[in-house]
Each structure stands twice: as structure tokens, then as C-alpha cells.
Amino acid sequence: MDDFEHILENYAKARARMAANGNPTQWGTTFPREEVVKDDLEQGRTVLLVDEEQGQERILAQFALCTGVDPTYVSIDGAWLDDDEYVTIHRLAASGLAKRAAHDCLRWALDHYGNVRIDTHPNNLAMQHILETNGFARCGLVQLIDRDADTTRISYQRHEW
């Protein structure tokens, strides 16, 4: 919880970058909501990529790592690579302080869990590029179940057998 304010700042920066790059609706102006960020922290789902500069820790990127079956991923217009256990990455945001931070987050998840699913907005071309250059396969479309509008997402999976 000590990093809560910094995490919120990073999400605000990520929203601004998405909007500036043609993706203003994925997170709009309020997602992820503060209560979602707090819940991620309280439930131990928050993963931070950090470094240190001049004796100060910096958050380079953050994401929520969710274990178990993701209700959003139960129904897919397409097909997952397999039905094995997996983890899901949600709310991945880089702070902009270091290059390749999102790549490093994906690599960490794959190194620790091996079977990772993630989704992104059709307008989020930057994230699609990052996923595809990191070997994630496009699996189909999913519909978010926790939001009212703009809910179609492209789903990806990578399983390191």
C-alpha cells in the first residue's frame, strides 16, 4: 500500500499515452478505478517491476496477476491454445521511465508461471505489437463482463511447454 499513489500516477500516465496514441476508450479517464487498484494490492495480485536510481526505488511497470479461471475468458470467439491452468495479466501499465518494461513484465510472468493469458483493446496497437513480438498467439475475441461499454477485447495466450 506504500506504493498506492505511485501506482495511480502510473495508470494516469498510461491512460494519457493510450489516448495520445489513438486509444482513448480502453481505459477512458477513470480506469482502473482506485478501489480496483486497492483490491489488487490487498489481494496480493499487484506485481511491480522496480529499479533503483540514486538510492530511490522507482516503479517501471505494474500489473495485476490473477490466478485461477478468469470469468471473462470462459467464453471466447476463437479458441485458447489449451485448457491447462493459466494466469491472467490485467491492468499492465509502464511508467515510461524505462524501455521494454512491458516486455520485462511479460517475461517475468512466463518465467514464473509458463501459461499466460492477456487481452487488449482492438485500438491498442502498441500492446498488440508487444504481445506478438513476445510470442503470444492471438486466440480470438472476448467480451469484458465488468464494464458497460466498449467491451470487445483481443485475447492472447502464450504457453511455454
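- Residues satisfying the ring pair (Phe, Tyr, Trp, His ring centres under 6.0 Å) test with F136, not counting sequence neighbours, are none.
- No path of Ile, Leu, Val, Met, Phe, Trp and Tyr side chains, each step under 4.5 Å between heavy atoms, connects I118 with L81, placing them in separate hydrophobic clusters.
- Among residues at least two apart or in separate chains, salt bridge (Lys or Arg N to Asp or Glu O under 4.0 Å) pairs with a member in residues 91-101 are D40-R91.
- Residues V37 and V50 are members of one and the same hydrophobic cluster, defined by side-chain heavy-atom contacts under 4.5 angstrom among Ile, Leu, Val, Met, Phe, Trp and Tyr.
- Between W27 and Y11, the ring planes lie perpendicular to each other; the angle is over 60°, past the 30° to 60° tilted range.
- For the salt bridge (Lys or Arg N to Asp or Glu O under 4.0 Å) test, no residue two or more places apart in sequence or in another chain qualifies with D77.
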Exercise for the section: Given side chain to side chain contact (heavy atoms under 4.5 Å, CB included), test N123 with M18 step by step and report yes or no. Expected result: CA-CA 9 Å; N123 291 339; M18 282 194 279; over 6 Å; no
Exercise for the section: Step by step, work out the side chain to side chain contact (heavy atoms under 4.5 Å, CB included) result for S75 and V142. Expected result: CA-CA 7 Å; S75 179; V142 294; over 6 Å; no
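- Residues F63 and M1 do not share a hydrophobic cluster, clusters being chains of Ile/Leu/Val/Met/Phe/Trp/Tyr side chains in contact below 4.5 Å.
- Considering every non-hydrogen atom in both R15 and G28, the closest pair reads CD-O, 3.4 Å.
- With hydrogens and angles disregarded, no donor-acceptor distance shorter than 3.5 Å links the side chain of T67 to the backbone of V87.
- Every residue was checked against the side chain to side chain contact (heavy atoms under 4.5 Å, CB included) condition with E52, not counting sequence neighbours, and none meets it.
- Not one N or O on the side chain of Q26 forms a donor-acceptor pair closer than 3.5 Å with the backbone of T120.
- Under the salt bridge (Lys or Arg N to Asp or Glu O under 4.0 Å) criterion, no residue pair touches residues 20-31, with sequence neighbours excluded.
- Scored by the salt bridge (Lys or Arg N to Asp or Glu O under 4.0 Å) test, E34 finds no partners at all (sequence neighbours excluded).
- I145 and V74 end up in different hydrophobic clusters when Ile, Leu, Val, Met, Phe, Trp and Tyr side chains are linked at under 4.5 Å.
- Within a 6.0 Å sphere centred on NZ of K38, heavy atoms belonging to other residues, nucleotides or ligands number 12 at most.
- Side-chain contact annotation: Q143 with T152, donor-acceptor N/O pair under 3.5 Å present.
- Screening residues 111-125 for salt bridge (Lys or Arg N to Asp or Glu O under 4.0 Å) gives R107-D111 as the qualifying pairs, with residues at least two apart or on separate chains.
- Evaluated for a side chain to side chain contact (heavy atoms under 4.5 Å, CB included) with N115, the options E85, E160, Q157, R158 yield exactly one hit, Q157.
- Nearest heavy-atom pair across L141 and S155 is N-OG, 4.1 Å.
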Problem - CA sep, side-chain torsions, deciding dist, call: E57, D51, side chain to side chain contact (heavy atoms under 4.5 Å, CB included) - result: CA-CA 6 Å; E57 182 179 271; D51 76 354; over 6 Å; no
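- Linking ILVMFWY side-chain heavy atoms closer than 4.5 Å, directly or via other members, places L92 and I154 in a single hydrophobic cluster.
- Shortest non-hydrogen contact noted between V69 and P71 is O-CD, 3.5 Å.
- In terms of the side chain to side chain contact (heavy atoms under 4.5 Å, CB included) criterion, residue partners of A61 (sequence neighbours excluded) are, by chain and number, L49, A94, A101, C105.
- Partners of E53 according to the side chain to side chain contact (heavy atoms under 4.5 Å, CB included) rule, which considers only residues two or more places apart in sequence or in another chain, are R58.
- With side-chain heavy atoms closer than 4.5 Å counting as contact, directly or through intermediates, V36 stands alone and belongs to no larger hydrophobic cluster.
- Judged purely by atom type and a 3.5 angstrom limit, N23 has no side-chain atom pairing as donor or acceptor with the backbone of A19.
- The structure places CG of L48 at 6.5 Å from CD of Q62, a figure rounded to the nearest 0.5 Å.
- Heavy atoms only, all atoms of each residue included: D70 and Y86 are closest at N-OH, 2.9 Å.
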Name the atoms and distances for all side-chain donor-acceptor pairs under 3.5 Å in residues 2-9, with sequence neighbours left out.
none

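- Considering all non-hydrogen atoms of both residues, R153 and P122 come closest at CA-CD, 4.5 Å.
- Without hydrogens or angle criteria, N134 side chain to I130 main chain gives a donor-acceptor distance under 3.5 Å.
- Taking OG1 of T133 as the start and CD of Q128 as the end, the distance is 11.5 Å to the nearest 0.5 Å.
- Annotation: ring-ring contact (aromatic ring centres under 6.0 Å, His included) contacts involving residues 92-115, sequence neighbours excluded, comprise W108-H112.
- Nearest heavy atom pair, residue L110 against residue V116, reads CD2-CG2, 3.8 Å.
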